[in-house]
Peer 1: 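Below are the structure tokens for one structure; questions will follow.
This is a predicted model, so every value here is computed, not measured. Just so you know, these numbers use all the heavy atoms, side chains as well, and skip hydrogens, waters and symmetry mates.
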Amino acid sequence: MCSSLKNHPPAPLLALALLIGSLSFVVYLGGHSHGRGGAALASNQERAMNSHHEFLGSFLGSKEKARDAIFYSYTKYINGFAATLEEEEAMEISKHPSVISVFPNRGHRLHTTRSWEFLGMEKDGRIRANSIWAKARFGEGVIIGNLDTGVWPEAGSFSDDGMGPAPARKLIGARYFNKGYLSTVGQAANPASTRDTDGHGTHTLSTAAGRFVPGANLFGYGNGTAKGGAPGAHVAAYKVCWRPVNGSECFDADIIAAFDAAIHDGVDVLSVSLGGAPAGYLRDGVAVGSFHAVRRGVTVVCSAGNSGPGAGTVSNTAPWLVTVGASTMDREFPAYLVLGNNKKIKGQSLSPVRLAGGKNYPLISSEQARAANATASQARLCMEGSLERGKVEGRIVVCMRGKNARVEKGEAVRRAGGAGLVLANDEATGNEMIADAHVLPATHVTYSDGVALLAYLNSTRSPSGFITVPDTALDTKPAPFMAAFSSQGPNTVTPQILKPDITAPGVSILAAFTGQAGPTGLAFDSRRVLFNAESGTSMSCPHVAGVAGLLKALHPDWSPAAIKSAIMTTARVKDNMRRPMSNSSFLRATPFSYGAGHVQPGRAADPGLVYDMNDTDYLGFLCALGYNSSVIATFMASGSGAQPPYACPPARRPEDLNYPSFALPHLSPSGAARTVTRRVRNVGDAPAAYVASVAEPRGVSVAVRPSRLEFTAAGEELEFAVTFRAKKGSFLAGEYVFGRLVWSDAAAGGRHRVRSPLVVRVVDKKGKNGLPIS
């Protein structure tokens, strides 16, 4: 619970109600957990309403007075009520341990939960006729599955209202798989059901394909209409992840079983926001299961991992997967730290708890507040029990990011009696600020501002400050930039395949949530919410899965590889300031961060050309990796005995896979040529001519032959070759450099630009060929 709110009611906010002439307040108690389908039962609604009357009656003196005061009782999903109250009554109610917040009944302008507007699919809540949503009928008829922690079916995002065609259900199936978990952990996964007790699966599935739900917000922040990428699609949940044990929660045996079931169930797209350390393709459940899914026409979208910003950390590296990194969007939740010298430091937060106004609070660094039995490192990170109450009580504490959960640091401060938290980034996380639902007044600041703040603490006899109430800010710049946590390439399993493939919004994403966990997911958090803001490549992955669902509805004959190609080759690499995308330190990002770039759903609907792949392409790739015919048989076996034997083609190389990007990690410094081939298919509706243009990587020459492709008909496929050579005296030995190849039909009056990143490393003769990036 938000005990700091109980001790320090939000006096300035209550005063605002008086200034604007309002005496009505919302008393927010969290979310209901009525049980299966219980939100629609009149008996449950009546029970909730009576509980509100009894609760308010305990303050006003009788249930009759409470009935007169309450004009809205939220009895279905939201737990709370709106009532006419005196300021003193509202302040008293705010102190009750069951109350999350009390706030004035203010008017607000409706805004979207933002990421889909940022991706160009709507404008100010209006969907244009040429939007991919309109063209694809919002994904109608497509089935999107999710391998995750299950689903909270009562969430409004999974409502059946208006669904079609038959079956006229949104959530058409849910299964759970836990035998692999039980065999490893040796204890029951509780509860053994499809119900989501964590929130992660509900959040990701609703991001991919949730229905339109107006009034979505977290503690009033980000208010607007929630929706998924393919809101008209059907969804299916496959629960494969359970309570973590020693850091593991989703086991290969369960993952593969879920893939098998999903294929049988006829899903079109699978969103898989899980993964482990990079591994060989035959030793990874996601790679094995997804290969069989892709063979049968299922597009599989996976998260890249949250182990960034180090090089070579990307997971889910199989080439048949769509691997998604995470980046920001143009919405923030600013909360300022105002110092005693009147300097303002911008941070971000979603804390519903407010400091009492009208005064500054003493500031202290967590190291200065170290408990006697704690190390300096533990105190710096605000580990549980590392802070001394006598030094912390009534103060705002500055903690460093790292190791333990961000919100957990605030709980450590709160338990030690602290009034507020300032969370400062380390150098690696740079300018990335994440808005969290903290349990006390808090703000998250950048590395540079954290350095300046610590300098202020060390140079001032009595440092002080105040944390402002968070706000919702739109159209922020620059956006997008890469999240520091997003795992990066190069691909350590097969460096000839660039990973990640694409990036999408993955920071402070608001989506549906479970009714059985608090917004932080931590044991001490007893709050309940209908929507939650979360960050991670787990959140960016379902954005792309939703786009894949729209493309499947729009182009039902496209293969998973064609869908991936359309998403990759139409991506953008500039932010909303028309500058190259940056990383969290505001340095120029590279394809190892964002792959082909930031997804653009509208352009993906009409890519012009696609790099397609089929079974033969993937098997040739496996042959190039050295897998023999018996290994290939394990991938191709159909169980019927009808599958003909496969013979590996001679002299195949991994870089010859018909991939929409190019990665050559072993270019000779001698200037010797290395040529790779590709095929592209015209998916336009008429003959077309495309001309190649190249931005060469530093120190590398690139030649495309032929440089002009003449397609005489729609559906025609043509081949071209790209030759790379190191330029003597100008290349950077042992370092990766980057460029791009673009096929354009602009000269013929077209509008397509089919863009592929080029990633090259010239071999260092001295053997220094690690992971440096230029």
Side-chain angles (χ1 to χ4, degrees), residues 1-108 152 154-156 213-220 223 352-354 356 439 513-519 525-531:
M1 302 307 296
C2 309
S3 61
S4 294
L5 175 61
K6 314 305 179 292
N7 296 330
H8 305 290
L13 197 57
L14 299 177
L16 175 62
L18 296 177
L19 287 174
I20 62 177
S22 173
L23 288 174
S24 60
F25 295 84
V26 174
V27 178
Y28 179 56
L29 304 171
H32 289 294
S33 184
H34 293 302
R36 296 177 184 271
L41 296 178
S43 59
N44 284 333
Q45 297 175 26
E46 185 69 25
R47 188 180 304 114
M49 184 180 297
N50 286 335
S51 72
H52 296 158
H53 293 160
E54 290 176 359
F55 177 80
L56 183 57
S58 68
F59 290 91
L60 302 187
S62 71
K63 287 181 65 174
E64 289 70 24
K65 289 183 179 179
R67 289 192 188 97
D68 291 340
I70 293 175
F71 55 90
Y72 270 125
S73 191
Y74 308 120
T75 61
K76 293 182 175 63
Y77 295 102
I78 299 171
N79 187 5
F81 55 86
T84 302
L85 301 169
E86 297 296 330
E87 180 184 9
E88 293 79 7
E89 294 168 341
M91 292 177 68
E92 283 301 310
I93 293 170
S94 73
K95 299 174 184 178
H96 193 279
S98 297
V99 174
I100 290 178
S101 58
V102 177
F103 48 91
N105 180 36
R106 296 176 294 166
H108 297 272
W152 189 254
E154 294 87 353
V213 183
N217 65 81
L218 176 60
F219 303 129
N223 190 57
V353 193
R354 296 159 170 80
V439 295
F513 203 60
T514 179
Q516 291 192 358
D525 193 350
S526 60
R527 300 172 296 180
R528 295 294 180 265
V529 296
L530 299 178
F531 294 87

Peer 1: Give the minimum heavy-atom separation between Ala69 and Leu60, together with the two atoms involved.
Peer 2: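 Heavy atoms of Ala69 and Leu60 come nearest at CB-CD1, 4.0 Å.
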Peer 1: Look up atom CD in Gln516 and atom CZ in Arg528, then write down how far apart they are to the nearest 0.5 Å.
Peer 2: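 Here the interatomic distance stands at 8.0 Å.
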Peer 1: Let me confirm one number: the NE2-CZ distance from His53 to Phe81, rounded to the nearest 0.5 Å.
Peer 2: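 CZ of Phe81 is found 9.0 Å from NE2 of His53.
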Peer 1: Can you measure from CZ (Phe55) to NE2 (His96) and round to the nearest 0.5 angstrom?
Peer 2: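 One gets 4.5 Å once the value is rounded to the nearest 0.5 Å.
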Peer 1: I'd like to check the side chain to side chain donor-acceptor pair (under 3.5 Å) partners of Glu92; sequence neighbours left out, ordered by chain and number.
Peer 2: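 Only Lys95 meet the side chain to side chain donor-acceptor pair (under 3.5 Å) criterion with Glu92.
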Peer 1: Looking only at heavy atoms, what is the nearest atom pair of Phe219 and Pro352, with distance?
Peer 2: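 So the minimum-distance heavy-atom pair works out to CG-CB, 3.6 Å.
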Peer 1: Verify side-chain contact (heavy atoms from CB on, under 4.5 Å) between Val439 and Arg527, making sure each step is shown before the conclusion.
Peer 2: CA-CA 10 Å; Val439 295; Arg527 300 172 296 180; 3.8 Å; yes
Peer 1: For Phe513 and Pro519, which heavy atoms make the closest approach, and how far apart are they?
Peer 2: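 Looks like CE2-CA, 4.1 Å.
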Peer 1: Just how far is it from atom CD of Glu89 to atom OG1 of Thr84, taken to the nearest 0.5 Å?
Peer 2: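 The CD atom of Glu89 sits 10.0 Å away from the OG1 atom of Thr84.
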Peer 1: Identify the heavy atoms of Ala66 and Gly57 that sit nearest to each other, and give their distance.
Peer 2: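 So the two residues come closest at CB-N, 3.6 Å.
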Peer 1: Minimum heavy-atom separation for Phe531 to Leu218, with atom names?
Peer 2: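 Closest heavy-atom pair between Phe531 and Leu218: O-CD1, 3.3 Å.
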Peer 1: Mind listing the closest non-hydrogen atom pair of Leu56 and Ala83 along with its distance?
Peer 2: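 Nearest pair, atom of Leu56 first, then Ala83: CD2-CB, 4.2 Å.
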